[in-house]
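Input: a single structure, listed below in C-alpha cells.
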Amino acid sequence: MYNHSKEKKKWQEYWDNNKTFEVLNKGDKPYYILVEFPYPSGAGLHVGHVRSYTAQDAISRLKRMQGYNVLYPMGWDAFGAPAEQYAIKNHIHPKDAVRENIKTFKGQMKSLGFSFDWSREFSTTDPEYYKWTQWQFLQFYKHNMAYKDTVPVNWCPNCKTVLSNEDAAGGVCERCGSTVIQKEKSQWMLRMSDYAEDLLKGLDDTNFADKVKLGQINWIGKSEGVEVDIDIVGGGKFSIFTTCIETIYGITFFVIAPDGKLIKELMPRIENKEEVQAYIEETAKKSNMDRTELNKGKSGVEVKGIKAINPVNGKEVKIFLGDFVLGDYGTGAVMAVPSHDERDFEYAKEHNLEIIEVITGGDITCHAYEKQEYLDNKESRLINSDKFNGLTIKDAKEQITKFLIDKGIARKVNNYKMRDWIFSRQRFWGEPIPMINCPQCGWVPMDEKDLPLILPDVAEYEPTDNGESPLAKITDWVNCKCPKCGCDAKRETDTMPNWAGSSWYFLRFMDAHNKDSFASMEALKYWNKVDWYNGGMEHTARHLLYARFWVQFLYNIGLVPNKEMIWTRVSHGMILGSNGEKMSKSKGNVVNPDDIVKEYGADALRTYEMFIGDYEHDAAWSENGLKGCRKFLDRIYRLGNKLNDSYEYSKETEILMNQTIKKVSDDLLNIKYNTAVSALMILLNELEKLDTVSKKDYRTILHLLNPIAPHITEELNEMYDLGDKFCESTWLEYNNNKLENNTYTMVVQVNGKVRGKIEVDINTSKEKMEQLAKNIDNVKLYIDNKEIVKVIIVPKKLVNIVVK
RNA sequence: GCCUGUAUGGCGAAAUUGGUAGACGCGAUAGACUCAAAAUCUAUUUUUCAGUGAUGAAAGUUUCGGUUCAAGUCCGAAUACAGGCACCA
C-alpha cells in the first residue's frame, strides 16, 4: 500500500530544495494568486483554511503548468486583539506566542504541500513590515487624511478599549461579549468618507462577484436626496435631509436627533427643558443598535416652545426629539411625513400627530423609493400640494427640488452611511502610531527616517484600568523630544487596528524585502494587480473596503499604479462540524487537520475538501466522505498495476479522456472543484474497466489530478517512469475533434413525457430523427389514433411529439 | 424591519443554463473472496404500483399559482434556514 507519509515528505523536500515555487519579478505572463493570510491563532490551522488554500493551490499549480509566472505567497496577520487575547490568556508575551503559533501554522501548511513562495513570507508584526505601515500612516496624516477628533465611541468596559461600529455589532463587544456603552474619546480617524464616491465607482474596475460588489455598495450606503433649510419661528434655522422631497406638503412635524448639535443650540428657548434633557440622557445610554432596533416603540418628546415653518406652505409645525434620528447622519434632523413613511406613521400614532395624505393611490410609502416601481408609478399623483397637484412622483421630485433650489433654500446632496475610520486602539499589540504630542506645536509626525517606531517590550501588556494602552506606562518610551521644536513631548500611545496591516499586505508580497519603499513601482507594475483573491465571505465587506480605500489613497499620491489593485475576489463557504454547526471547542466538533493528514494523508484531505460540495457554500465535515476520497486515491494507485507499454490513449477511452481534460481545466478555473474531482472519478471508473491501461492514459489522469493531489501523482509518475515531474511539465491539451462520440441517445417524448430512447448517429437529420421516433413501439402506443399537432426536434438531443 | 443568499433521494451533491432530474461520492442491502474479519470486487439503491423478469406506469427538485411543446432552471406570491446590516430619513 502507498505510504502517504513518506512519499509526501519526499516531494515536499524536493520542492523546497529546488525552490520550485519561488518566483522572480520578471518573465512573461505574471499571475498573482492570493489567499487571505491568517491570524496565527493558538488553535492552529483550521480545516476551513485547508479548503481555500487547496483551492488556490490547485489554481496556482495549474497556471504554472500553463506557463504563467505565478506568485502564490503566504504571510501572517499577527497584530491585533486575537493575538493579544491569546497571549493574555496564556500568560505569554504576544511576541513569543506569535512566534510559536507561526511555527505551528507554517509546519501544518508545509505538511499539506501548498505551493507557497515562502521566500516572500513576512508577518505584519515584523518591524521591517510595520515600518511601512507607519510610514503610510504618516502619508495619510501629511495629506490631511488622518486627524484626531473627540467622538462618541463604542466602549467595552471589560476589554477597556474602543471598538469600531463594525466590531460592536449588536451592542456587544465582538471579542468578549460584554455590553458596549457609549463614551467620548479622542481618536485618530482616517477620512474614509471622502472616498465614498470613489469606492463606489472603483467597483467598475474590478471583477468582483455581484454579491461582493453589493456588499461594498450597501456598506457605503449612498442616498441621493435634498437638503432643505427650515426656518424656526422667532428666528434661527436648521436643515433637514430627505430622499422624498415630493412629500414635503405632508410634513406634520420635524424630528431632530437627541445627540445632535441643534438641540443644544435650541436649549435656552425650550419650555420643557427638564423633559428634553432627561430624554437626551436616556438616549446617551443607548447604543446605536438599541436606538435603531425595530419594535422598540417610537420613543421621543416634543420640544415645546419652538416651532418650525414648512418652507412650501408656511405652516407652523411642531418639533420632536426622537432617538431614531442619529446626530451623525445627514443633518441630524428629518421632516416627518406620516402619510407616506412607515416609521413616521408609527411615530405619529404613538404621539397622536396629524397625518396629511399628499399622494393618491393607496398606501404608497416613500420607504420604497429605491425601487424603480415607486418612481415609475404613473397612477399615483400628488394631492394637497398646491401647484404641484397632479404630478407623478418622478416629476414632483424633480420640480419641487428645482423650486426649492431656485428659492435658494435647498441643495441636492448625497449622503453616505459610511463614516470615517476610527483608527486608534488602546492596545499594546499593534503598530505604534508614529505621532508626537508637543505642548508647543500640537501633534507632530515623526521624522520618516526614524521609522520604524519599535513597539517596546513591556512586562504587563494587559490594558490598564483607565483604558489607556499599556504603552502609556513606559515613561522612557513615551517621553521624547518634539521633532519640530525640540522641547519635551510625549508619544501617542494608541496603536493601530488589526485592519491596518492587512490593508496593504498584498502589495508587500510583490516586493517583500524592499528596504527603500513599501514596494517599488517597478515591482507593483510588473504584477499589476492581484489577479485572484480568495477569502471568507465575512471579510468581503470590511477588510475589502479598507484595503480598497488604502490602495486608492496610495494611488492618489502616486505610489501604486492602479486605483484598484485587486481584480477578482472569490469567497469560500465555511467547513462546518459534522453536526452542521460551526466548529468550536465548546461544541466538541473541531477537526484537526494534523490528525487527518496523519491518518489519511495530505492528498486525501485536499481531495476531500475540493470534493465536499460547492466551493462557495458551507459544507459539513464527514469522515465517511473523506474515506471515500482516500479510497479514490488508493484506486488511482492500484491502476498502475494494469499498465501496458503503449504511449497512446486507449481507443476505448480516448473520447472520455479528451472530455475530461477539458472538463477539469474548465472546472478548476471556474471554482467548480467538486465536479472536477467527480470527472476524474468517472474517468477512473472507465479506465478500471479496461484490461490494460496505456502509459499515456495513466500519466494523463495523474496529470489532471496533480493540482489537487500533488504528492501521490508525482510519486506514481516517477515510480512508473511516465515522464517529467508535473511541477516541471506543461499542462494538458485536448483534441477538439475528439470530444464527441459518433452516436448519442436520442430521447423521444410525447407531450413532454419520455416514452422512448434510441441510440442514433450524431449526424442524423431532423427528418430521420422524427421518423425514427415515430417507429418506437412504446411511442406508437401514445401517438396511434391521435392527431399530431406538432413535432419539436432538438438536434443531438430529443424529439417531442405533441398530440391531441 | 431591510439587504443578500440558499432550499433537489437516507446523506454530501450534479444537471451542458429551458430539453432524459438525481451524474459522482457516502451510507445501506445482497453476493464473491476469506476459517473468520478487515480490505477489495460485483449487483441493487428517489417513492409508489404492476410483473418471476427484462420492463412498464404514476408521482416527484420547500409550498401555491403562471408562462411553455417542454420548468430544478423563467415569471408572480408564500414559507423556512443562513449570512450581513443602517429605523439612514
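As a basis for the values below, the full set of heavy atoms in this structure was taken, side chains included, without hydrogen atoms, waters or symmetry mates. Convention: sequence-line order gives letters A, B, ...; per-chain numbering from 1.
At least one side-chain nitrogen or oxygen of A/Lys790 sits closer than 4.0 Å to the OP1 or OP2 atom of B/rC69. Neither OP1 nor OP2 of B/rC69 sits under 4.0 Å from any side-chain N or O of A/Lys753. Residue A/Arg638 has no polar side-chain atom (N or O) positioned under 4.0 Å from OP1 or OP2 of B/rA39.
Counting non-hydrogen atoms under 4.0 angstrom, A/Val334 reaches a base of the nucleic acid. Here A/Ile792 lies in heavy-atom contact (under 4.0 Å) with a base. If you check every strand for non-hydrogen atoms under 4.0 Å, A/Glu616 touches nothing. A/Gly628 comes within 4.0 angstrom of the backbone, heavy atoms only, and of no base.
For the pair A/Leu656 CG and B/rA23 P, the computed distance is 17 Å after rounding to whole Å.
Between A/Val312 and A/Tyr249, the closest side-chain pair of non-hydrogen atoms falls below 4.5 Å.
Here A/Tyr347 pairs with A/Phe253, A/Phe320, A/Phe324, A/His351 under the ring-ring contact (aromatic ring centres under 6.0 Å, His included) rule; sequence neighbours left out.
In this structure, B/rU52 shows a glycosidic angle more than 90 degrees from zero, which is the anti conformation.
The stretch residues 772-780 of chain A touches RNA chain B through A/Asn778, each having a heavy atom within less than 4.0 Å of the strand.
Between A/Trp499 and A/Phe549, the ring centre distance reaches or exceeds 6.0 Å.
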Anything under 3.5 Å between a donor and an acceptor, one on a side chain of residues 774-783 of chain A, the other on a protein residue two or more places apart or in another chain? List them.
unit_1   : atom_1 : unit_2   : atom_2 : d
A/Lys774 : NZ     : A/Glu770 : OE2    : 2.6
A/Asn778 : ND2    : A/Arg755 : O      : 2.7
A/Tyr782 : OH     : A/Arg755 : NH1    : 3.2

